[in-house]
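To start, the structure itself, in structure tokens.
Each residue takes its place number in the sequence, starting with 1.
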Amino acid sequence: MSASDRRRLADQPLDFTVTAEERLADGFRPLDRLFVSHASLDGTRRFEGVRREVLRAREAAIILPYDPNTDEIVIIRQFRIGAALKTPNAAALELPAGLLDGDEKPAVAAVRELREETGLEALATAPIFSVLTSPGLCDEVAHYFMCIVDTRGLPLVAGLADEHEDIIPIAAPAQALIAAMDEGFIANNLMVTALNWFDRKGRPVARMLSDSIETPA
């Protein structure tokens, strides 16, 4: 690949080989040590014996629940250990989300997690984009979905007791939520990513999704 090709604004392939792999720790997200051989970006040489540690993670579904009738985005508040350890705000705001179970499809997981974490049903669902959540640290891929919801059915609390979930769902006015993000009151990267997308593209997508909902005769 030429030098000019490498400057194209898109992720690109690169030849690599995992030459050795070692499990360092098991757990909810196992930790592996890999030794990798990969080509240089200019294609003139090869890097050998490169050591990298990686957390293994299942794919995840991230839900952007939106009520077009009230212009509200449903978010949740719950305890997060990372926020507790690194910020004063252990009761963090985020979007409903969760890992896929077994061979569960991302869209099915999105609808399930929406129900478990907000008590709401998806009236319509559409994929919007996917991201690598932290490619220098883990192999997790997060699939984002917009779900059209009716916030009139939002409960005061939600979450699964057997997963020790203690969740407060919140119907947030979309512009107020975006302003809170802009003012630095929200630290969750997955929600910041989604809100920036929503601010540019969300309402037109929501209108198309809403038009697809069949109304009772």
Side-chain angles (χ1 to χ4, degrees), residues 58-80 83 89 91-101 104-133 140-160 163 165-216:
R58 304 197 305 275
E59 293 178 83
I62 316 296
I63 305 94
L64 181 59
Y66 178 65
D67 186 336
N69 294 316
T70 60
D71 194 33
E72 292 174 323
I73 295 172
V74 177
I75 59 176
I76 62 175
R77 187 186 300 281
Q78 65 177 322
F79 172 80
R80 282 303 190 195
N89 303 313
L93 291 176
E94 59 187 36
L95 290 172
L99 299 177
L100 276 60
D101 288 339
E104 187 178 35
K105 299 298 184 184
V108 174
V111 172
R112 174 180 56 76
E113 289 290 348
L114 173 69
R115 182 185 305 116
E116 291 175 0
E117 297 193 349
T118 71
L120 298 177
E121 295 294 335
L123 305 178
T125 304
I128 48 180
F129 58 88
S130 297
V131 298
L132 295 164
T133 58
E140 183 177 60
V141 178
H143 305 286
Y144 281 79
F145 292 85
M146 174 175 274
C147 289
I148 300 300
V149 298
D150 183 348
T151 56
R152 291 177 298 180
L154 193 68
L156 295 177
V157 296
L160 298 180
E163 294 184 9
E165 290 180 332
D166 176 25
I167 294 172
I168 296 176
I170 302 166
Q175 286 309 121
L177 185 59
I178 292 167
M181 173 194 69
D182 288 341
E183 292 166 14
F185 295 135
I186 295 168
N188 184 278
N189 68 322
L190 296 173
M191 184 152 74
V192 169
T193 300
L195 292 179
N196 276 290
W197 175 88
F198 179 87
D199 198 31
R200 294 181 300 114
K201 297 183 176 182
R203 290 183 181 88
V205 172
R207 282 194 292 271
M208 289 188 292
L209 262 182
S210 297
D211 289 345
S212 73
I213 300 173
E214 295 184 4
T215 55

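- Ile76 has its side chain out of reach of Ile170: every pair of non-hydrogen atoms, C-beta onward, lies at least 4.5 Å apart.
- The CD1 atom of Ile148 sits 7.5 Å away from the OH atom of Tyr66 when rounded to the nearest 0.5 Å.
- Residues Leu93 and Met191 form a side-chain contact, since some pair of their non-hydrogen atoms from C-beta on lies under 4.5 Å apart.
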TODO: Would you sort out whether Gln78 and Glu165 count as a side chain to side chain donor-acceptor pair (under 3.5 Å), showing the intermediate values?
DONE: CA-CA 8 Å; Gln78 65 177 322; Glu165 290 180 332; 5.7 Å; no
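- The line from CG of Asn196 to CD1 of Ile178 is 8.0 Å long, rounded to the nearest 0.5 Å.
- Closest heavy-atom contact between Leu190 and Asn188: N-OD1, 3.1 Å.
- Residues Leu120 and Asp150 fail the side-chain proximity criterion, which asks for heavy atoms closer than 4.5 Å.
- Across every non-hydrogen atom of Pro169 and Leu156, the tightest pair is CD-O, 3.4 Å.
- Residues Phe198 and Ile73 are in side-chain contact: their nearest non-hydrogen atoms beyond the backbone lie under 4.5 Å apart.
- Between the side chain of Arg58 and the backbone N or O of Leu100, at least one donor-acceptor pair lies under 3.5 Å.
- Residues Val141 and Ser130 come closest through the heavy atom pair CG1-CB, 4.4 Å.
- Atoms CD and CD, from Gln175 and Glu72 in turn, are 12.5 Å apart once rounded to the nearest 0.5 Å.
- Between Val74 and Leu154 there is a side-chain heavy-atom pair separated by less than 4.5 Å.
- Here salt bridge (charged side-chain N to carboxylate O under 4.0 Å, His left out) pairs that include residues 108-120, with residues two or more places apart or in two chains, are Asp101-Arg112, Glu104-Arg112, Arg112-Glu116, Arg115-Glu121.
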Open item on the list: Quick one, Leu64 with Leu95, criterion side-chain contact (heavy atoms from CB on, under 4.5 Å). Give me CA distance, side-chain angles, the key distance, then yes/no.
Closed with: CA-CA 7 Å; Leu64 181 59; Leu95 290 172; 4.1 Å; yes
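- At least one side-chain heavy atom of Thr193 sits less than 4.5 Å from a side-chain heavy atom of Phe129.
- For the pair Pro106/Pro127, no side-chain contact is recorded, criterion being any heavy-atom separation below 4.5 Å from C-beta on.
- Screening residues 178-203 for salt bridge (charged side-chain N to carboxylate O under 4.0 Å, His left out), with sequence neighbours left out, gives Asp71-Arg203.
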TODO: Would you please test Glu59 and Glu140 for side-chain contact (heavy atoms from CB on, under 4.5 Å) and show each step?
DONE: CA-CA 6 Å; Glu59 293 178 83; Glu140 183 177 60; over 6 Å; no
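- Judged by distance alone, with hydrogens and angles left aside, the side-chain atoms of Asn89 form no donor-acceptor pair with the main-chain N or O of Ala91 at under 3.5 Å.
- Within the 4.5 Å cutoff, the side chain of Trp197 has heavy atoms near those of the Ile128 side chain.
- In this structure, OG1 on Thr125 lies 9.0 Å from CD1 on Ile63, to the nearest 0.5 angstrom.
- In this structure, Ile62 CD1 and Glu94 CD are separated by 8.5 Å, a value rounded to the nearest 0.5 Å.
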